2 protein chains.
Amino acid sequence: MVTESTRLSAQDWAKAALKAIAGGGLAAVAVEPLARTLGVTKGSFYAHYRNRDELITAALTEWARTHGDAGLAHFAAIADPAERLRELLTAVVRSVQPLAPSVHLSLLGDRNDPRVKDVVRQVNRARLDLLTRTYRELGLPPKRAESRARVAYAAILGLSHLAQTDPDAPRAAVLADEAAAIFLP
Amino acid sequence: MVTESTRLSAQDWAKAALKAIAGGGLAAVAVEPLARTLGVTKGSFYAHYRNRDELITAALTEWARTHGDAGLAHFAAIADPAERLRELLTAVVRSVQPLAPSVHLSLLGDRNDPRVKDVVRQVNRARLDLLTRTYRELGLPPKRAESRARVAYAAILGLSHLAQTDPDAPRAAVLADEAAAIFLP
DNA sequence: CCAATAGGATACGGTGCCGTATTGATACGC
DNA sequence: GCGTATCAATACGGCACCGTATCCTATTGG
């Protein structure tokens, strides 16, 4: 735990909210239960946010920031497109393994909430753009680069989806090979 | 509306529950709101189910039935594996377009609920098995058939995910071509 | 046509959560 | 050290939903 100090900050509440989202969607972002897991009463929550909605917005914004362009900077900086793509794929396959609860997947359950839809669209777009650019730099014509990126990203999302429900070890190595064979050329 | 008769049945409640799930996950399965949309009061609900949990279980079971082996029967009956695969892909790409709320996606938000996890695993397994079998019949060695099926199915799931948040017309034709180019050989 | 029964209406108590005071404690600038 | 801002505890009213109990109505089979 990083939060070993005595008092809580707005950030702490936002992080707790994200953890709650990963576990049970927006419905799990409830002030009183969150306060209980944080070891305080809800009274102090309203010192940081005006209401539950503000907390949700803050948490979603934080997520979009760290998972959009910001989270992609490391990969975007790789000059060689082939290596960049390889890095992206292996990073994904590695991150697919752990049963780490995924905010992204949980948000699918709340995709009707306009804020959620916005934020998910943002993150998806950032990733799709990077992938599309990469495929273009690899020589694919624009149109094909775009649809190829779309299918590849879709596969990535789907794999993380399957990893959450399937208990069978997805055998990262095998999957990485398969994904590489399919999406690298 | 099919339900033009006067009185409601347990099935009607289950269908309404599924619609609610597609719209807002398990949290949206609430007796009183459902009763309101059905034009009755909740008093009559308890003539069909003992409690909310029983309704949820019934709805999930119904979904698993229609989306597992039962829903795949039509495709499983196609003898030629190449044609079967093509049919599967085009069916998917076509179904990806409409913004039809998807129960499957909404359930991702509630994947921690053991009942949900079970039912999603069931459906995924049925589809993965069919795909794996198809790839084997196309000549792939068992191991590769399995991981190929996994990636292909992941792409399918991911495409339906993207279709829900992206307003850009996913250009079914383009996607179908791309998917075919990637997953057919 | 008349029970018996399945579906429906109303009303009630209980629970969990939201948001608002209000008051108390603790850090920190000065 | 002292006050001021910030975090925290307690207590309250309100709302939405669950589940039960009770009574009502309309089919429907005989």
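Given the structure is predicted, the values throughout are model-derived calculations rather than measurements.
Atom CD in B:E32 sits about 12 Å away from atom C1' in C:dA11, given to the nearest Å. One interatomic measurement links the two molecules: CG of A:D53 to C1' of C:dC17, which rounds to 14 Å at whole-angstrom precision.
The nucleotide range of DNA chain D contacted by chain A, defined by atoms under 4.0 angstrom from heavy atoms of the protein and reported 5' to 3', is D:dT6 to D:dA11.
In this structure, A:E54 and A:R50 approach most closely via the heavy-atom pair OE1-N, 2.9 Å.
Side-chain contact between A:R115 and A:T57: present, with at least one pair of heavy atoms (C-beta onward) separated by less than 4.5 Å.
For the atom pair NE2 of A:H104 and CD1 of A:I21, the computed distance is 12.5 Å after rounding to the nearest 0.5 Å.
Checked by distance alone, A:R7 brings no side-chain donor or acceptor within 3.5 Å of a matching partner on the base of C:dA27.
Of the residues in residues 41-52 of chain B, those placing a heavy atom less than 4.0 Å from an atom of DNA chain C are B:T41, B:K42, B:G43, B:S44, B:H48, in numerical order.
Looking at A:R84, its side chain does come within 3.5 Å of a backbone N or O of A:I78 through a donor-acceptor pair.
Screening B:L88, B:D69, B:L85 for a side-chain contact (heavy atoms from CB on, under 4.5 Å) with B:L130, the sole residue that qualifies is B:L88.
The pair A:E146-A:R150 fails the salt-bridge criterion, with no side-chain N (NZ, NE, NH1 or NH2) lying under 4.0 Å from an Asp/Glu carboxylate O. The pair B:R65-B:E62 meets the salt-bridge criterion, with a side-chain N (NZ, NE, NH1 or NH2) lying under 4.0 Å from an Asp/Glu carboxylate O.
Map B:S9 and A:P33 each onto its nearest nucleotide of DNA chain C; the residue landing nearer the 5' end is B:S9.
In this structure, A:W13 and A:H48 have tilted ring planes: the angle between them lies in the 30° to 60° band.
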